[in-house]
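A short write-up of the structure that comes next.
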Amino acid sequence: MALAREESSPLFAGNAAGTLRLIIYLALAMVLMVLDHRNGWMWRLRYSASIVVEPLYRLAGRPAQGMHALSIAFADRKLLTDQNQRLREDLLLANAKLNRMASVAQQNQRLQQLLDTQHSLELNVQLAHVVHVDVGPYSHRLTLGVGARDGIKVGQPVIDAHGLMGQVVEVLPTTSSVMLVTDPNHAVPVVIERTGLRTVAYGSRGGDQLTLPNIPLAADVRPGDRLLTSGLGGRFPSGFPVGEVREVVPGGSGLFLEGHASLAADIDRSEDVLLLHDQPEPAGPPAPEVPAGPPTGLAPAPAPAASAAPAPAASTARDAEPAQ
Amino acid sequence: MNRQQLSFWWFIGTLVFALLSMLVPLPGALEPFKPYWPALVLLYWALEGSERINLGLAFVVGLCADLFDGVLLGEQALRLCALVFIVLRFRSRLRFFPMWQQALAVLALLLNDRVLLLIVRAFAGESMPPAAWWISPFVGAALWPFLFLLLDDLRVRLRIP
């Protein structure tokens, strides 16, 4: 920067004018930058200029394309044979896998036919868009963009591709509110897939987990066990995945084991959910159990959504439990 | 086409070519080595044909570069204006420097340009660029003698005034 001494050289007439022009241009550039930064003009300008600019990009991309073409033209013969060999092996492997897949698919179809004879797997569902998510410490709710006008009714189960999410608790004309299964006030009757043990999964206060507070001490429950809806109580249809047991610890009272389970459904990620329509008729078994409720400590809750519609008789004793 | 027109189109052509070279995609590892072509070509014309170059032209070229490059509108206009202003002011000195000194001066100019860019980016709220970001001015300065000789030679061959 020794050149800076030249400042007052007589060689350059009109210094002041030059400096003034520079200042004007710099100010103009700054104004442009600020406006662009604030308003994001650029994309609008680019949008209209794209007709001119696009071929330029293509032109500028030419050398790179040319280099690529050249590298292919002069590629090493050995490299190509190696690559060829590797691809052949891959193809063989993939074919073998495909063959196995075919047999598995056939088997699957047979089994499905068997199942179909017992009960139809067809689901009558409605797709709904999630409008709002509210996951606070005291309530876990979703708001869906469908409501009474779309035929939504209180109590409809909500599922996503991976499992049960919750149930509709409030219906407005165009939106509806869903209580998630992780809501501290929510309970869902579940069955452990491996052993068939029936129990109730409550939401937990501390985030996206389920709590199983009353597993009998002698019961065989291990981390990794999958929980399915049991269908008892008639609110949720049976057989939907609810979660997976993560740990089993002795409960606070010492009378039960307490399980903690992670959720099967992707509550954080689902943008669209499915609303199940025809809710199952309250199935046979629980009906007689309701009047005989109080004595049996382990009985599945007759009203799974204890809080959504605080159930009549038997759940009064249970209401205290989720609050633990 | 007469000489005057030819020289005008040659001038425009080099500028457009510089803008295009700026856009040429390079493999990721080479990207920091890409010199700032519009600045180099503007430098050449400012030294050799200064009656054509003024701040307004630098501003317009910068705006075009911004538009092509998709950066903040006005960023390169500002940088090129500052660059051309300095060169025009010291033109008569720079012209008669030996080539290596000229290359050093170009290096200083390009580094200055990077500092300006850094300031603009800092105001826009972006983080510090990596160290490799500073390589480009050195590459530009190293290429300067060759670019200068090439353009000069082409100009002589085309008999452009």
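All chains are named by letter (A, B, ...) in the order of the sequence lines, taking the proteins before the strands, and each is independently numbered beginning at 1. All figures in this text were calculated on a predicted structure; none of them were measured in a lab.
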Inset, instruction - State the CG-CZ distance between A:Leu22 and B:Phe59, to the nearest 0.5 angstrom. - result: 11.5 Å

Inset, instruction - Specify which of B:Val120, B:Leu78, B:Ile86 makes the most heavy-atom pairs with chain A at under 4.5 Å. - result: B:Leu78

Residues 10-21 of chain B side chain polar contacts: donor-acceptor under 3.5 Å, at least two apart:
{"unit_1": "B:Thr14", "atom_1": "OG1", "unit_2": "B:Trp10", "atom_2": "O", "d": "3.4"}
{"unit_1": "B:Thr14", "atom_1": "OG1", "unit_2": "B:Phe11", "atom_2": "O", "d": "2.6"}
{"unit_1": "B:Thr14", "atom_1": "OG1", "unit_2": "B:Trp45", "atom_2": "NE1", "d": "2.8"}
{"unit_1": "B:Ser21", "atom_1": "OG", "unit_2": "B:Phe17", "atom_2": "O", "d": "2.6"}

Legend entry - Partner set under ring-ring contact (aromatic ring centres under 6.0 Å, His included) for B:Tyr36, not counting sequence neighbours: none

Legend entry - CD on B:Gln76 to CE on A:Met33, rounded to 0.5 Å: 10.5 Å

Legend entry - Neighbour count >12 (heavy atoms, 6.0 Å) for atom CZ, B:Arg95: yes

Inset, instruction - Please report the closest heavy-atom contact between A:Ala29 and B:Gly74, naming both atoms and the distance. - result: CB-O, 3.5 Å

Legend entry - A:Leu32 CG to B:Leu63 CG distance, which is reported to the nearest 0.5 Å: 6.0 Å

Inset, instruction - Starting from the C-alpha separation in whole Å, work towards a yes-or-no answer on side chain to side chain contact (heavy atoms under 4.5 Å, CB included) for A:Arg21 and B:Asn54. - result: CA-CA 10 Å; A:Arg21 279 235 299 277; B:Asn54 54 35; 4.1 Å; yes

Legend entry - A:Leu26 to B:Cys81 - nearest heavy-atom pair and separation: CD2-CB, 4.1 Å

Legend entry - More than 12 heavy atoms of other groups within 6.0 Å of A:Met67 CE: no

